[in-house]
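A short worksheet on the structure shown next.
Atom set for the values below is all heavy atoms of this structure, side chains included, hydrogens, waters and symmetry mates excluded. Below, chain A is the first sequence line, B the second, and so on; all start at residue 1. Remember, predicted model here, so these are calculated numbers, not experimental data.
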Amino acid sequence: MTAPPRHPASELALLAVLVLVLVPTLTTLQPNPDAFTYLSHGLRLLAGEVIYRDFFEFTPPGAPLLAAALFAVTGPSLLAARVVQVLALLLGAWLLGRLTRALGAGPWAATLPGLVLVLALYRFQPHWSYHWLVVPTVAGAALAACRGFATDARRDWLLAGLGVGLSGLLLQADGVVLAAALAGALVADVLVGRFDLAANARRLGLLLAGALAPIAPVLAWLGWHGALAAAWQDVWVWPFTHYATPGGPNDIRFLTDLWGFVSPYGGRWVNLPFFYAQAYHGLALYALVVGTALGALAWALGVVSRLLRDGRTWSPDEAAWGVCGLLAVGFALLAARGRADLVHVALYAFPAVVLATAAASALARRLTGPELSLVRALPLAAIALFALTGAAMWAQEVRSRPDWWLQPGSPDAHWRQAPLVRWLAGRARPGDRVAAFPNGGFVYFYALPPAVPHTLFLPTGYLTKDEARAYWAAIRSNRPRFLVFVPHDDPARTRQAYFPAGVPAGWRLAARLAAPLGERMPWPTEIYERADTGAGAPVR
Amino acid sequence: MTRHPAEALLLALALPLALLYALVGQTSGDEGTLVHDGLRLLRGEVIYRDFFQFIPPGTAWLAGLAQAACGPGVLGPRLAQELLLVGGAWALWRLARGLGVGPWLALAPALAPLVAMHRFLPVYNHHWLALATGAMALLVGAHALATARPGAWAGAGALAGLTLLWLQSDGVVLLVALGCALALDAWVAGRPNARAAPALALGALAVQGLAAAMLAASGALGPMLHAVWVWPFSRYRTPGGVNDIAFATDLHANLSPYVDFVNMPFFYAKVAHMGLLYAFMVGAAVVGCAWLAGLVVRRARSGPGWRPGEAPAALVALVAIGLLLVATRGRADVMHAAAYAWPAGLLASVAASALARRLDQPALALLRWAPASLVVGWVATGALLLAHDARRDPAAWLSLRSPDAVLGQAPAVRWLRDRARPGDRLAAWPFAGYFGLYGLPVAGRWNLMLPPEDGYTSAAEYADFWAGIQRDRPRFVVWAPVGADREAARPLYFRAPLTGYRLAAVATHPLYGAPRYAEIYEREDAP
């Protein structure tokens, strides 16, 4: 693979379009409790707590560490975090374009994965998330490995390793799949390449060295603080036993929510053009993920059969396809595991889009003849339409909720004015802490520090009974001044799950306020205050 | 073209499958109406003049002929239809072969109608008749394009005209597509064929002219023109009516894992099947348009000349585009989409074969079969779903008894037969078909009468139906509502008191069986 020549016009055009699209996302008020969970972990680190030892998290420490580093400079700021994420997305989009170019696509076709990333995938979850931070590290690693197969340069393999390490620090699943894809490509290069074990062992060594560069210091830090065993348990054991327990909130099987997505009656899409856009979008997303994975497998088998029949080895160009094919297969498997709803499939779809774009470009080159002049553009047009339908639905989302999307100014200023935050801030004294559930991230980020080990407390189908008991034990031992219950369902039905033994003795209802994160939750937030703190009459 | 074992395999698979469909214990209000129309013809009535129908007369005529041969009931018409469908499958196989598809892959588009489409509505229906003769018309049209023989064009026109006798939309699409293909052929090949167009028109007119003459002879030509060419455009799909289903908007119900596919492998088969159905239909039309536009550009730039197989492929593309347009009109639910998907499946297999020839590198040895595997996968998942249908309802699918023996024994029609005396007649609604077929002759001109709120029959037509009961005073009036909640439906259907009748029986009826019940009213002055 020779490095594709740079094409500033297409790259700048892509970045310009994406900046225009992404800038309004900086100020959106669309609520997402998960984002505040991850961000509040950054604040806990800044406050001196140690992840895994002092509080629970089931993803690697990369995103909380990044948030902590950022907030050390900017102070707690959702806006600052979003700026960082937008920069990561822009870098990711650019790297995906380079990767697609490395697979032989033309410069303008190569803008498609970046456009899809933002317009069609990011729109599902436009919030601070490790899922988006990991895009540039995965794409960068894959690109470096593709170059590494051609150049054998030490720098390329070290960079690929660095990408693996950073990806693993952000999200264990992505890191593992990336590492497996690159290792698989190296094994394939031994088997169907030049049978050069030594060269590939050297590459593997460089890859490992690059990966350890970011991971080793973090492991040392965790070890120093006695959090290594807890980290292992939280990151590598807990997700496999708890994340998608049967019947739990994350137990959604692959494709089973598509029907809701293609229903003209189930959502806000009563209008037919938008229904067709949505139906195409949903079907195309699954077709891309499943189709590229199956196509990559068929191609890989073809390469092996060619080797067995003709003795021909693969070229560096084919090695690049191998890297991306393995990545697409791995990410498709990831998408099919765990919580396999449309949103999570979208989070894992970007390698499929790269491969599909490159394949569409390769196919176009084979469809010669004037009668096919339009036909050859259709596969790429189908991918472009996937991006456009995503944009159309995003626009519809913005139009339907202008109060969320078209608010100028910092989102932090808005959230700090939320009744719950103002009430707590007005009442709190130095040293006061709070336990908020089920999802306390918002409260911890804007109001008071937490007094419990779990930021997210879902006692049914997510945390075990032991974990729930530990949660309440922490409340009894830490005795936070406030308990905040933000019901996401009818409290009459769910109260028993959250207060298994009733409201603990020593706390009393102090206020009922509008829910902080969304008008979709009609049930007011309940604030309980410790009785020995001299609280006044309940506020209604 | 020489014979190939795949052809024998096609017949070996298609014939038993067709027989299975002929015997399946499924029902449909439309089937009852269409077969009963045939019986009314045998009783001496004249379609359009004496009773209402909004599709062309062929379906009723064939039903009448088949019942004349096999006796009253659905079995005869079904056997005739299935025989035609086997012929259609064979025509599709030959057509696919002529378009460069391999003999084994050609089995997929050939078997698709029986395996993947018919299962949506496994009864006697004009859509399947139109599919069968439409495929034959396309085969003969492709032959005409290849040979330029006027006789072949006349044959294609006659088959398209026959298709127009089953269903106006399909017939029009075929005739237009054949005409366009003929014009395109003359332009692209640079050899105008002066005798082809008259031959095509003559073939179509021969069939249609004969039908028109027969109708005119019995005074039904005027009513036919109104019922077939005016009524559907103003009444069939009215906004908010029962048939107002926009294309693909019922897809969600077919993709839900909670409706009937709790079993994940079948759920995934269903998702793949539905996804491919719509992908082929839309994809074939889009790719077909792009390819035809490319052909025009090539002809304009490089001068005349077809490449091998292009002319018949253009004809198939035109039909696929036309039928997609038809499918998006009318009642565009999944069943109707499936009935119009056959040229899309054919075109998909042609494109898959052409693509495979271009992916000629050894590393692509398996990948080149990917497009073909999609076509095969579509049919294979259809077969799985068909097997699932049979497993879910073995009594209906696997009893292998004559459907008439089952339907004719439904309690409601048995009660009517037991009680009837010579000369007795009945009025039934909303679907009178099976009651007329297995019970008593139907009085009045309406076989199908939905309440005006359903946006199908107008208030004036409903009033005419109601007035007909009062005028003809049939001994029995049967109300067999579609839903299970009769009390909720009653005000919609009983728009005026049914004076002079008393409720005589409530019994399950042949169309839906338990737990749906028909109320049978008997004239009070009847002994």
note = From the list Leu378(A), Asp310(A), Leu283(A), the residue making the most non-hydrogen contacts under 4.5 Å with chain B is Leu378(A)

note = Pair count under 4.5 Å, heavy atoms only, with chain A: among Gln361(B), Arg299(B), Arg301(B), highest is Gln361(B)

query = For Leu364(B), is it the side chain, the backbone, both, or neither that has a heavy atom closer than 4.5 Å to a heavy atom of chain A?
reply = side chain

query = Relative to chain A, which segment of Ala246(B) carries a heavy atom at a distance below 4.5 Å: side chain, backbone, both, or neither?
reply = both

message = At a heavy-atom distance under 4.5 Å, which candidate from Val296(B), Asp360(B), Val287(B) has the highest pair count against chain A?
response = Val287(B)

inquiry  = Counting only non-hydrogen atoms closer than 4.5 Å, does Tyr278(B) touch chain A with its backbone (N, CA, C, O), its side chain (CB onward), both, or neither?
reply    = neither

task = Assess whether side-chain contact (heavy atoms from CB on, under 4.5 Å) is satisfied between Trp291(B) and Leu372(A), documenting all intermediate values.
result = CA-CA 6 Å; Trp291(B) 177 68; Leu372(A) 299 178; 3.7 Å; yes

ask   = What's the shortest heavy-atom distance between Gly295(A) and Leu367(B), and which atoms?
value = O-CD1, 3.3 Å

query = When heavy-atom pairs shorter than 4.5 Å are enumerated against chain B, which of Arg306(A), Arg366(A), Arg253(A) gives the highest number?
reply = Arg366(A)

remark   = Heavy atoms of Gly294(B) and Ser373(A) approach each other most closely as CA-OG, 4.4 Å

inquiry  = With a sphere of 6.0 Å drawn around CZ of Arg337(A), does it hold more than 12 non-hydrogen atoms of other residues, nucleotides or ligands?
reply    = no

message = How long is the straight-line distance from CG of Leu359(B) back to CG of Leu363(A), given to the nearest 0.5 Å?
response = 6.5 Å

request  = Dump the intermediate steps for side-chain contact (heavy atoms from CB on, under 4.5 Å) on His252(B) and Phe275(A), then the final yes or no.
outcome  = CA-CA 11 Å; His252(B) 68 292; Phe275(A) 159 68; over 6 Å; no

task = Work out which heavy atom in Tyr276(A) is nearest to a heavy atom in Ala248(B); give both atom names and the distance.
result = CE2-CB, 4.3 Å

query = Which of the residues Val304(A), Leu297(A), Val375(A), Leu258(A) is involved in the greatest number of heavy-atom pairs with chain B at under 4.5 angstrom?
reply = Val375(A)

query = Could you give the distance from CG (Leu366(B)) to CG (Leu294(A)), rounded to the nearest 0.5 Å?
reply = 12.0 Å

query = Hey, what do you get for CD (Glu371(A)) to CZ (Arg298(B)), rounding to the nearest 0.5 Å?
reply = 4.5 Å

Heavy-atom contact with chain B under 4.5 Å, split by part of Arg376(A) = neither

query = Which pair of non-hydrogen atoms, one from Phe254(A) and one from Phe267(B), has the smallest distance, and what is that distance?
reply = O-CE2, 4.2 Å

